[in-house]
Amino acid sequence: MSSFKALRVHDAGKGVEARLDSLTLDQLSEGQVVIRSAWSGINYKDALAVTGKGKIIRKPPLNAGIDVSGTVETSEDPRFLPGDEVLVTGWGLGEIHDGGFSEFVRVPGDWVVPLQDPLDLRQAMAVGTAGFTAALSLVRMEQSGLAPDQGPILVNGATGGVGSFAIRLFSRAGYSVTALTGKTDAADYLKSLGATDIMDAGELDPGNRPLEKGLWAGSVDSLGGEALAWLTRTTKPWGYIAAVGLAQGIELNTTVMPFIIRGVSLIGIDSPLCPRDIRLATWKRLAGLLRPEDIDAVVSQEVGLDGVVAAAGTMMERRQRGRTLVKLG
Ligand SMILES: NC(=O)c1ccc[n+]([C@@H]2O[C@H](COP(=O)([O-])OP(=O)(O)OC[C@H]3O[C@@H](n4cnc5c(N)ncnc54)[C@H](OP(=O)(O)O)[C@@H]3O)[C@@H](O)[C@H]2O)c1
C-alpha cells in the first residue's frame, strides 16, 4: 500500500489536536508484525487521549487507540503468518506506540494475541480492553479464592464498557450481580446484561464508619475515590475488590479496618501490562463465557475513524452506554 489513514494526536500548545492524517508504514512505531486493522473500540483512556482531557499520549504526534484487531499483513516473528487473525490490547498502544485508530499497526510480536475461538474480529474489539479488564477482574479474584456461593458481586460505573462486561461475565460465571449506576434510566439495559439488582448512585447512603454492614463477596470498581472507599467498608469478611478505574477520582480514603478485621483483599487490575500467559488464559475464559448476543447487547454504536472524536466527547460527558466500535477495514 502507498498510504493509509490514521487518527493522529498532535500537540496543539495548551491541548491536543486529533486529526485524520495520511501515513506510510515507515512512519509507524517499530515492531516485527504489521497488522491490517479491521476494528478498534473506544475506551475511557482513548476518550481522554483524543479530547486532550487526560495526558495519555506521552509524546505527540502519535496515533491514538489502545486496542486493535485485524489480520497479519507481514511478520518477522515466526509465531505469526500473513492472514492470521489477531488482536492487540494495551502494552502502550496508543500511549507510547502508534495505536489502533489506524488502518495499519506495527507492533512487537510479544504483544500479539491470536484471535480466540469463537470470537470474530469485530466481537474481539466489542470486548476490547474494557471486556478484557472485566474478565481479568474475574480471573484474579477467582485465583484468590472467590466463588459464586460466597455472595453477590457489586459492579459500579455499571453502564460503562468495563461495567457492562463485568455484569455479563460474572453473571454468566454463576454470580449474582448488583449494578450501581448514576443513570436513572438504565435498569432495563443492566437487567438485560444479567444484573439481578440495580442501585441508584444518587440515592446511596455511603455511611462513614470504618466498617459498615458487609454486603459484597466481590466487586469491580471502575470509579476509585469515594466509591472505592465505600466498597472497602461494605465488603464481606474475606471478600475481594478489583480496583480497576478512576472515573470518579484517584484518591482512596479508608482505614486498615476492612483489611485486618475482615480480611478484605484489594486486588489491583492493570490490563495493559498483563503478562502474556495470564492474558491468553483470560481471553480464553471470556471467549468461553460470552455468547454472541451478550456482545451485541453491549455495543451501542459503530463509527468510522472520522467519528471517533465526537464519540469520545459523548463518553467524557458521561452520556455513553456500553461500547463504541470503530470500523477500520
Ligand atoms: N486498570 C485497567 O487496566 C483499566 C482498563 C480499562 C479501563 N480502566 C479504567 O476503568 C474505568 C472505566 O473504563 P470504561 O472504559 O468502562 O469507561 P466508560 O465506558 O466511560 O465507563 C465509566 C462509567 O463510570 C461511570 N462514571 C463516569 N464518570 C463518572 C464520575 N465522574 N463519577 C461517577 N461515575 C462515573 C459511568 O457509569 P454510570 O453512569 O453507569 O454510573 C460510566 O459509564 C476508567 O477509569 C478507565 O480508565 C482501567
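For the numbers below, each heavy atom of this structure counts, side chains included, while hydrogens, waters and symmetry mates do not. All of these numbers come straight from a predicted model, not from anything done at the bench. Remember, it's 1-based here, ligands and their atoms both numbered in the order they're listed.
Close approach to Ile269 involves these atoms of ligand 1, each under 4.0 Å from a residue heavy atom: 1 (N), 2 (C), 3 (O). Per-residue contacts place Thr159 under 4.0 angstrom from the following atoms of ligand 1 (heavy atoms of the residue considered): 37 (O), 38 (P), 39 (O), 40 (O), 43 (O). Near Thr181, with a cut-off below 4.0 Å to any heavy atom, the atoms of ligand 1 are 38 (P), 39 (O), 40 (O), 41 (O). With ligand atoms numbered from 1 in the order given, ligand 1 contributes 11 (C), 12 (C), 45 (O) to contacts under 4.0 Å with heavy atoms of Ser222. Listed by atom number, the atoms of ligand 1 under 4.0 Å from Met315 heavy atoms are 18 (P), 19 (O), 20 (O). Within ligand 1, counting atoms from 1 as listed, the ones closer than 4.0 Å to a heavy atom of Thr129 are 5 (C), 6 (C). Of all the atoms in ligand 1, the ones that sit under 4.0 Å from a non-hydrogen atom of Asp270 are 3 (O). Set against the non-hydrogen atoms of Gly157, the atoms of ligand 1 under 4.0 Å away are 23 (C), 24 (O), 25 (C), 37 (O), 40 (O), 41 (O).
Closest protein heavy atom to atom 45 (O) of ligand 1: Leu246 N, 3.0 Å. Protein heavy atom at the shortest distance from atom 5 (C) of ligand 1 is Thr133 OG1, 3.1 Å. With hydrogens left out, the protein atom closest to atom 22 (C) of ligand 1 is Gly160 CA, 4.2 Å, a heavy atom. Here the protein heavy atom with the shortest distance to atom 41 (O) of ligand 1 is Gly182 N, 2.8 Å. Among protein heavy atoms, the minimum distance from atom 31 (N) of ligand 1 is reached at Ala247 O, 3.2 Å. Taking atom 15 (O) of ligand 1 as the reference point, the nearest protein heavy-atom neighbour is Tyr44 N, 3.3 Å. With hydrogens left out, the protein atom closest to atom 19 (O) of ligand 1 is Gly161 N, 2.9 Å, a heavy atom. At the shortest separation from atom 10 (O) of ligand 1 among protein heavy atoms lies Gly245 CA, 3.5 Å.
Other residues, nucleotides and ligands place no more than 12 heavy atoms under 6.0 Å from the CG atom of Asp188. Residue Ile250 places its CD1 atom among 12 or fewer non-hydrogen atoms of other residues, nucleotides or ligands, all under 6.0 Å distant.
Salt bridge Arg79/Asp77: present, at least one basic N to carboxylate O contact under 4.0 Å. Between Lys5 and Glu103 there is no salt bridge, since none of the side-chain N atoms of the basic residue sits less than 4.0 Å from a carboxylate O of the acidic one. Ion pairing of Arg58 with Glu95 is present here, as a side-chain N (NZ or NE/NH1/NH2) and a carboxylate O approach within less than 4.0 Å.
Distance alone, capped at 3.5 Å, places no donor-acceptor pair between the Thr159 side chain and the Arg321 backbone. In this structure, the side chain of Arg122 does not engage the main chain of Ala38 through any donor-acceptor pair within 3.5 Å. Judged by distance alone, with hydrogens and angles left aside, the side-chain atoms of Asn156 form no donor-acceptor pair with the main-chain N or O of Leu180 at under 3.5 Å.
Minimum interatomic distance between Cys274 and Phe132 (heavy atoms only, all atoms of both residues): SG-CZ, 4.0 Å.
The closest approach between a heavy atom of Lys45 and any atom of ligand 1 is not below 4.0 Å. Ligand 1 is never approached by Ala201 to a heavy-atom distance shorter than 4.0 Å.
Heavy atoms of Arg323 found under 4.0 angstrom from ligand 1: none, in either backbone or side chain. When heavy-atom distances to ligand 1 are checked against a 4.0 Å cut-off, Val162 comes that close through both its backbone and its side chain. No part of Asn156 comes within 4.0 Å of ligand 1, judged by heavy-atom distances.
Annotation: Gly322 places no N or O atom under 3.5 Å from an N or O atom of ligand 1; distance criterion only.
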